[in-house]
There are 2 protein chains.
Amino acid sequence: MSEKHERERQGARRSDATRATILAAARERFATDGYERATIRAIARDARIDPSMVMRYFTNKEGLFAAAVTLDLQLPDPTAFPRDEIGRRLVGHFLRMWEENEVLTALLRVGTTNPAAAERMHQVLREQLAPVARRICPVPEEAPVRAALCASQVLGLALSRYVLRFPSTVNLSHEQIVDWLGPTVQRYLTAKTP
Amino acid sequence: MSEKHERERQGARRSDATRATILAAARERFATDGYERATIRAIARDARIDPSMVMRYFTNKEGLFAAAVTLDLQLPDPTAFPRDEIGRRLVGHFLRMWEENEVLTALLRVGTTNPAAAERMHQVLREQLAPVARRICPVPEEAPVRAALCASQVLGLALSRYVLRFPSTVNLSHEQIVDWLGPTVQRYLTAKTP
DNA sequence: GGTGTTGGTCAACGGGTGTTGGACAACGGG
DNA sequence: CCCGTTGTCCAACACCCGTTGACCAACACC
């Protein structure tokens with residue numbers, strides 16, 4: 001038992017590798033297939049393990065999704081750079097995030113069908129984006145609305161580019177997207193209420 | 001047979017009512033549940049008919065979806081009103097459309113999971129929105145890109161408001177949305193290339 | 001070196017899905 | 001009034017899903 005506690009302290013369980021493999025496979029499937037079509041069987045096949053292992057580790061499909069999809073946007077401190085560049089910086093940050101972290105696409109795709117995922121998106125908006133908005137928008141009480149407006153533009157672009165794959169949107173470079181969307185986000189955050 | 005032809009001409013088949021009922025139920029289910037969770041059995045139950053009727057009329061679930069979801073945005077002629085009001089008018093038009101026609105939500109929800117629905121959205125963008133952009137944007141070759149940018153903002157708002165139901169977005173009035181998004185769409189369509 | 005704990009596999013269950021074909025009812029022209 | 005066409009329902013098929021529990025293998029400790 002003392003051994004066991006020691007192992008737990010250093011966090012080196014033998015099964016952690018499998019656990020991680022399952023989570024990686026789950027993230028990928030959820031991102032490309034959505035909730036219903038990402039079957040436990042398919043995820044298990046990708047991870048080269050038995051479907052029942054998924055249940056052992058995460059109790060059910062809901063639990064697997066909750067464990068696989070945790071999102072930290074790593075938003076920068078908006079007061080760290082010039083006020084009139086905030087829009088462009090944020091758009092650039094989102095683009096980079098979206099392309100290196102498939103959790104974003106998974107959450108977007110699943111959120112349209114699965115209430116739990118949608119709730120998770122509410123939470124990200126409330127706890128990660130809105131606080132940034134509060135620090136820079138003219139009237140702090142408007143922060144939730146302004147954050148939601150930014151979210152609508154960023155999510156809409158992600159939908160067009162990474163989910164629906166509109167050719168005209170896919171072909172844009174990062175720079176072009178920042179040039180077009182930057183001013184929009186900037187206005188949603190800093191312009192006076194229309 | 002002559003009778004039959006006559007009936008076809010006046011289009012009054014006995015089964016047309018059932019057909020329409022099925023389509024209405026299908027639209028509603030697809031809009032609220034997405035493709036996979038909108039089961040043929042559930043749709044049939046809503047329409048108070050047997051599941052096999054759906055197959056007889058539409059051969060497939062795919063066929064049912066294709067028949068149920070046909071979209072005409074009824075976009076106005078953009079040259080009909082002042083050039084600097086186009087953005088606001090289009091946003092208002094989309095809002096009205098979206099709330100009176102559940103096909104829009106159905107297409108959006110299903111499009112994130114179903115390739116055929118996504119392709120249908122490409123088509124709407126190409127054949128309905130892009131032509132409008134071509135008539136007013138500075139460089140006609142940029143019409144597809146500018147249309148896609150408008151689509152990203154409009155779809156993002158629809159996603160936030162009608163699918164994910166972000167409270168801050170749901171609580172906005174039509175006027176507020178037009179005030180915020182109008183200038184964005186206006187810029188995407190008419191501003192010079194950044 | 002036995003022995004309990006942990007990691008993993010196998011086969012199955014109950015339920016829901018899209019889809020099919022055959023039987024029955026209602027209408028409409030001769 | 002009959003009969004073919006048209007509309008509808010019923011029962012079933014084959015498949016796939018999430019989930020379960022019994023069984024096996026390998027390791028760690030006495």
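By convention in this document, chain letters (A, B, ...) are assigned in the order of the sequence lines, proteins followed by strands, and residues within each chain are numbered from 1.
- With rounding to whole Å, B:I22 atom CD1 is found 12 Å from D:dG7 atom P.
- One can place CD of B:E36 at 15 Å from P of D:dC16, the figure rounded to the nearest angstrom.
- In this structure, CG of A:D50 is placed 12 Å from C1' of D:dT20, rounded to the nearest angstrom.
- In this structure, CE of A:M55 is placed 14 Å from P of D:dC17, rounded to the nearest angstrom.
- Not one N or O on the side chain of B:R88 forms a donor-acceptor pair closer than 3.5 Å with the backbone of B:G182.
- Remark: B:N60 is not in phosphate contact with C:dG18, judged by side-chain N or O atoms under 4.0 Å from OP1 or OP2.
- In this structure, D:dC30 forms a base pair with C:dG1, meeting either the Watson-Crick or the G-U wobble geometry with both donor-acceptor distances under 3.5 Å.
- Taking only distance into account, the side chain of B:R41 never meets the base of C:dG16 through a donor-acceptor pair shorter than 3.5 Å.
- Distance alone, capped at 3.5 Å, is enough to place a donor-acceptor pair between the A:R120 side chain and the A:V69 backbone.
- A:R45 has its CZ atom 16 Å from the C1' atom of C:dT9, to the nearest Å.
- The CD1-C1' distance, from A:I43 to D:dC16, rounds to 15 Å in whole Å.
- Within the nucleic acid shown, A:Y57 comes within 4.0 Å of sugar-phosphate atoms alone, with no base atom in reach, counting heavy atoms only.
- One can place CZ of B:F65 at 14 Å from P of C:dG18, the figure rounded to the nearest angstrom.
- Here the shortest heavy-atom pairing between B:Q186 and B:G87 reads OE1-N, 2.7 Å.
- When each of D:dA12, D:dC17, D:dC9 is scored by its nearest atom to the side-chain atoms of A:T39, the top-ranked nucleotide is D:dC17.
- Look at A:T18 and you'll find a side-chain N or O under 4.0 angstrom from OP1 or OP2 of C:dG8.
- Summarising the local packing, CD of B:E99 is surrounded by more than 12 heavy atoms from other residues, nucleotides or ligands at distances under 6.0 Å.
- Side-chain to base pairing of B:S52 with D:dC10: one donor and one acceptor N or O lie within less than 3.5 Å of each other.
- Atom CZ in A:R29 sits about 16 Å away from atom C1' in D:dG18, given to the nearest Å.
- B:N101 places no side-chain N or O within donor-acceptor distance of the main-chain N or O of B:M97, the cut-off being under 3.5 Å.
- Taking the side chain of B:K61 as heavy atoms from C-beta on, and the options C:dT9, D:dT19, C:dT19, the nearest nucleotide is C:dT19.
- Base-pair partner of D:dG4: C:dC27 (Watson-Crick or G-U wobble, both distances under 3.5 Å).
- Taking 3.5 Å as the limit, the base of D:dG7 and the side chain of B:R56 contain no donor-acceptor pair of atoms between them.
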